[in-house]
Amino acid sequence: MTAPSQPASPPQEGQQPLLALDKLSLGFGGLRALADLDLQVRDREIVSMIGPNGAGKSTVFNVITGIYRPTAGDVRFAGGSIVGRPPHIIARHGIARTFQSLRLFMNMSVLENVLAATYGSTRASPVESVLRLPRHRREERQNRVLAHDILAFFGQRLAGYRWDQPAYSLSYANRRRLEIARALATKPKLLLLDEPAAGMNPTETHEITELIGRLRDELDLTILVIEHDMHVVAGCSDRVLALDHGVKIAEGGFDTVASHPAVVEAYLGRDPEALAAEPGGPGGSPTQGGTKDR
Amino acid sequence: MSFFLQELVNGVTTGALYALIALGFSMVYGVLKLLNFAHGDLYMVGGYIGFFIIRWFGGAAKLFIPVPLLVTIMFVAAAVVVGGLGVAMERFAYRPLRNAPRIAPLITAIGISFFLENAALLLFGAQYRVYNTPDFISYSSGIQIGSVSIDSVQIMVLVMGLFIMIGLQQLINRTKLGKQMRAVAADREAAEMFGINVNFTIAAVFFLGSALAGVAGVMAGLLFNTVYNTIGFLAGLKAFTAAVVGGIGSIPGAMLGGLMIGIAESFITGYISSIYVDLIVFGILIVVMLVRPTGLLGRAQLQKV
Amino acid sequence: MKARVIAAAVAVGALSLAGCGSSSPSGSAAAKSCTTTIGMEGPLTGPVASLGQEQLHFAELAVANDNKANHTKISLVQGDTQLNPADATTVTKEFVSNSKMVAVVGPAGSQEVEAVGPLFARAGMAFISGSATDPSLTTSGKNPTFFRTVSNDNVQGPQDAHYIINTLKPKALMIVDDEESYSTDLVSIMIPIFKAAGIKVDHESVSQSVTDFSSLVAKITPAETVVVLPWQIAANAQQFGRDMAQEHKKAVIFGTDGLYSPGTFEIAGSYVSSFGPDIHTIPADASLVAQAQAKYGSFGTFGPPVYAATHVVDEAIAAVCKGGHAPTRANVLAAIKKTNESTSILGKPISFTAHGDPKNGQFFLFKINSKGTYNNIPY
Amino acid sequence: MSQLATDEPAPVAPAGPQVGADEWVARQAQRREYLPSWLGGTERLVEKVGWWPRLGLAAAAGLVLPLLHVGQFQLQVGIDSLVLALLALGLNVTVGWAGLLDLGYVAFFGFGAYGFALVSSDQLSAQGVHWPAYFSIPVVVVATGLLGLLVGLPSRRLSGDYLAIITLFFGEAFYEITNTVASSKLGGEDGIVGIDPIRGFGVQLLSTEQYYYLMVIFVVGAMIVLRLLEFSRTGRSWRAIRDDPLAASAMTISVDKVKLMAFAFGAMVAGLAGTEFAAQQVSIAPTDFTTQYLIMIYACLILGGAGSIGGAVAGALVLNVVLDGILRNPTYTGYLFYGLIVIALLVKLRPWRRLALVAGSTIVFGYALHAIAAAISHSWVSGSLQSGGWIASALRGWVIVPASATGPGDWGFVLLICMLIALAQVHGRTRTLLLVPTIYLAAFTWETLLGTPTNASITRYIIIAVVLIVMMIARPQGLLGTRRVEVPT
């Protein structure tokens, strides 16, 4: 097991953040999903979001990517506000995501899943495509190169002989990988990963942890991760953010957040005794994960 | 004023009928998310059953049993037979498709509708079958208020419609079966995990919904006298509109929608022209759907991401 | 596995061989007796199937009776048009390409005749309708091989309108079409005549599939003493009349052809004009009526004109054969043109004008009494 | 990301077999579903040939057909089938690829036909409007596409069943408008008559052959265009929004625009089919564009396999040729009926012993029953068989045909339906046992009710309905489609 490399550019005061959430609030009817959430993510930073189920983590993603519209507050990406933009425009600005409940194009082939995500970066009209005019041919060529490269990034896991198979024929773990590959094909600056390790065995979980590091190091991506598996959180994050009931309850390094009383309480209620009994719980993982010396 | 009232009475009666058909339609949609296109044809089958029962008991003019008994037999027989037909339909055609792509059960429903229409043509012939209701339920047995007349069949339809709707509402809100239905409608898999017999519940919904269509068929026969093999299509379409306008999957919505469509039709005929009835009714539907896609009483479902 | 493949292949092969074998014509029989085929087009299914079935029954009856009388071997092939021009076109193309077929009875609707006329003209094949009454079919010149045994709307529309104006004398009336061309055509012929006579006309329209008329009936004002229903479905008119009774409306119903249906439409005091006579009341037809009733049950006025049409074709074929010629399409067409029957099932002579209309076009008017009986009255 | 794009694609050798869940899943999925037994063998054989060669072969076969001394009627059936194929191709774009359930599709067909008819007849004015086809067809097709955009607008807010409903009513509204509301302009129930043939540049298409060839060209052309589109940016975006519109929008696809394009494209193909239909048919009427025909188009697409270009065409050809070419002839209908029973038994019943047992018992059962019935009353067996040819001689003395067949036939039909439903519910020995009386009852019902000439046209529709239902249960992906998964949302 290798730990991800150190953050290439440590957070500096005064540098403009790539993504900034400013007093973000969202309510569904009487239900408050997010309340006055502030978050700044700098370039090439990996930030993890943790919190119990229903804490509003995925809701943050949905607001950032334009699926929900915040009732108050602002989302600024690369300096400009993106609130109110439709999802596909936000995606074209450079924010890509994966979904907690896998949302692949199940009946399209592996390769086509990746190619479909190049829609925003291509321009060929249907007429050009039918007549196979130069722009269509050029774009298709470039897209194929891109897709090959992205899929190759996952090594043997998504190797060639599977590319023409429908996505539903992949195993659960590979579907998660393919979802990340598809997100990469939109050429993002910011990648939002919603529980990338869910449903994976320990080996695969480790691979994903490594992969997240590589994505930042090799592709210069900024990454926001939602994850329940504390091995992953501990293994890749520069910074951790804990949410509960739509409110930020802690932010900082992994160890700080994981031992923060509010976080412990949020996960386990007021009984600190149960902490040790929960192997995957926030208290247990830094030591059990044990691969990283901080 | 009396013209207005007369049109209102006519509209409410027709509307009650639409509401009954729409109820079953809406219930089935609630549990299976299936647009059961064959629902209107169940109504047609109900109409035929009523006709043949009249015939078996001597024909409209020469009945050899008392009229209340006859009407009871008609309703019970239509409810049981059509309900059974609905259950058979579900068991045979829809159940294998429960996890198939959405289009599959829809196409099957269209196929069943087509089958029922043509099977009825084959078995019962193309001629219009006539109940001849006035021969055994006299018009003069109704109520006359000024120049507004409400005949006893209309009264019966309204009263029965009201009772059925209240009963259904109670069934769904108060009984164990109703709770199961709501659970299955909300989340079939979760309901199954909680030990609810999903297959039984869905079959029950089909039975109830189809039985209502069968009852509506008999009512239509008594009211409008005529039954033939394609009456189901238009009635189904109208009920469909009613269910959607009211909010598909919602029981009070189906009632409201049915009454609205019935009254609208009546007033358009009375005050504008019969030529534009269908077009305006469809127009209402399109406007409702665009302004409030979930219908008047339907609840928006939060999309899970 | 392999064995099953072979077995299935053999089965398929056998079936297809058998199919080919039986479809080859049995040529030798044709020479001995007058053997030939005629077609019958009608709405055998669909919304007006009852009409088409009645027509089919009478065509079958005519062929059976005439074969017996003339010692011919005419067989009848049926084609379902659903009263739909597109279906009629398909069926007609099938008939025209059937080399054994020499003439066709039908189709039922004017719009269908319009669609298939050119096809029959190209094939030189005669076709006789027992119910298409649009005047333009014979006057347009597009249908040179078309004949009909019924008179056209140009006779019926004005005749009915004038009867209503002169005898029933309404101040205002309601006229309701059923959205089918037969009905809308008649309405468009009648409305100007009413308006010219100073009668206020409320023109309404309900589809044939509507069975609830209570809202429409509520609209009838006391001044409107006549309701004209040029409909094809008698059961609907009956319901219309009942809705009137229920809402205490006193207007008189005046219906046309399709409403002629004793036993179904029996609103007392109503009038029905029909292109066909009630053959129940024609003494000479008594045995035929009995025969038809025994075989098919009750019937109205749509069957007999088709019987007459089929009879015309049968006689033409018999005449050609008797003359020692082969019953080809051209021969049969020529013989039909020469038709001159001194009497017919319709109770009147049948012969055709140069355009194919029956000579001495005539409609029949009936008034329904309180027992539901239809009484023929003069116009 | 920049360094990625510059690299050449890394050559990835197919990995050798690995053990693990992934591999197992992958291998399982590779086993595509084929038709049972020998039918599947044919399927595999066809699959070995590539898509383009297959299209070439099919097109060549289509072009050669008229040279084989087929009659006018057969060619007409061919034209009708090809019109349906074109319609199914267009529907495939909207429904098969983009997954937008458009139940008003037939109105686009009608709009194309009416559009062409209006500018190619005397309908609009006394001397008429008579545009040449090279002008009118593109104009009408584009106009239909614009109408498609308009009708597609609600799809931005509505999806799934709601969209289906609203489009269904659009279709009904089209019928109402042409039939009743605008009847003075559009000819009402009579429709428009006297439509010009396709003409332009001094050429007129008049004969059936010419229209047949034109339709072959149009269908093959549409297949080529759609195939090129399927694996392009647009085609992928269509299929992406079918599988998951939300994910598609997160992946830079402008879902609204893509939906509208799918609607417009489907509508354009339907409009094109409409112009050909009007020109070839000479007259059109509102009844040409009813829900019944819509069901027919859907049946074609479903039978062939939604999402597959070849499937859409094959479905249309098979269904329409069967319906118009075979089922209009009572004798052929009989062959088809008994043939299907035999084939179904051959394919489904295994092992051989069981097949022989069922066949044997059915034969014995029939003769026994016939003998008993004959012993009781002669009138029970004195009716005449409906089937002709060798089937009749094979069945005589086996199947009971009462003198007056109508009543027993009706009950037989009802009983047959009950038996079939029962058959679907039981398994094993009971099913085998039940099969014998069911087969016999099927033959009885056929000879007394379904096969009679009077009921021929009703039987046709019953067969369409049964095909739709059985197809959906047994093979929802259609003849040529691939099975699809759908993630419930």
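The structure presented is a predicted model; accordingly, all values stated were derived computationally and were not measured. In what follows, every chain begins at residue 1, and chains take the letters A, B, ... in the order their sequences are listed.
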Problem - Closest approach of B:Leu122 to D:Asp410 (non-hydrogen atoms, all atoms of both residues) - result: O-OD1, 4.2 Å
Practice task
Could you look at D:Val470 and say if it's the side chain, the backbone, both or neither that has a heavy atom under 4.5 Å from chain B?
Solution key: neither
Fill in the blank from the handout: Note: vs chain D, highest number of non-hydrogen pairs under 4.5 angstrom among B:Leu34, B:Asn118, B:Ile248, B:Leu116 is B:Asn118
Problem - Parallel, tilted or perpendicular: rings of B:Phe114 and D:Tyr461 (30°, 60°) - result: perpendicular
Exercise for the section: With chain D as the partner chain, list the residues of residues 86-93 of chain B whose heavy atoms fall under 4.5 Å from it, by residue number, and write 'none' if nothing qualifies. Expected result: B:Ala88, B:Arg91, B:Phe92, B:Ala93
Handout entry: D:Phe413 versus chain B, the contacting section by heavy-atom distance below 4.5 Å
Key = side chain
Fill in the blank from the handout: Shortest non-hydrogen pair, D:Ile473 vs B:Pro96, comes out as CG2-CB, 4.0 Å
Handout entry: Contacting region of B:Leu35 [heavy-atom separation from chain D under 4.5 Å]
Key = side chain
Exercise for the section: Against chain B, label D:Leu153 side chain, backbone, both or neither, depending on which of its atoms sit under 4.5 Å from a heavy atom there. Expected result: neither
Practice task
Taking atom CZ of B:Phe52 as the centre, report whether more than 12 heavy atoms of other residues, nucleotides or ligands fall under 6.0 Å from it.
Solution key: yes
May I have the list of side-chain donor-acceptor pairs in residues 98-105 of chain D shorter than 3.5 Å, sequence neighbours left out?
unit_1   : atom_1 : unit_2   : atom_2 : d
D:Asp102 : OD1    : D:Gly104 : N      : 2.9
D:Asp102 : OD1    : D:Tyr105 : N      : 3.3
D:Tyr105 : OH     : D:Leu87  : O      : 2.8
D:Tyr105 : OH     : D:Leu91  : N      : 3.2

Practice task
Give, as side chain, backbone, both or neither, the part of B:Leu237 having an atom under 4.5 angstrom from any heavy atom of chain D.
Solution key: both
Handout entry: Gap separating the CH2 atom of D:Trp411 from the CG atom of B:Leu123, nearest 0.5 angstrom
Key = 9.0 Å
Problem - Nearest non-hydrogen partners of B:Gly111 and D:Ala465, listed with the distance - result: O-CB, 3.4 Å
Exercise for the section: Examine whether an atom of B:Phe240 lies under 4.5 Å from a heavy atom of chain D, and if so say whether it belongs to the side chain, the backbone or both; otherwise answer neither. Expected result: side chain
Practice task
Using non-hydrogen atoms and a 4.5 Å limit, figure out which bit of B:Phe124 sits close to chain D: side chain, backbone, both or neither.
Solution key: neither
Handout entry: Passing candidate, side chain to side chain contact (heavy atoms under 4.5 Å, CB included) with D:Ile469, options B:Ile107, B:Ile112, B:Ile110
Key = B:Ile112
Problem - Which of D:Val414, D:Leu168, D:Ile177 touches chain B most, by non-hydrogen pairs under 4.5 Å - result: D:Leu168
Handout entry: Partner residues of B:Ser113 under the side chain to side chain donor-acceptor pair (under 3.5 Å) criterion, sequence neighbours left out
Key = B:Asp41
Handout entry: B:Phe115 vs D:Ile464 side-chain heavy atoms within contact, under 4.5 Å
Key = no
Practice task
Go through D:Ile462, D:Val467, D:Leu468, D:Val466 and name the one with the most non-hydrogen pairs under 4.5 angstrom from chain B.
Solution key: D:Ile462
Practice task
Check whether D:Ile302 gets within reach of chain B through its side chain, its backbone, both or neither, counting any heavy atom under 4.5 Å.
Solution key: side chain
Exercise for the section: If a pair satisfies salt bridge (charged side-chain N to carboxylate O under 4.0 Å, His left out) and one of its residues is in residues 164-185 of chain D, list it, with sequence neighbours excluded. Expected result: none
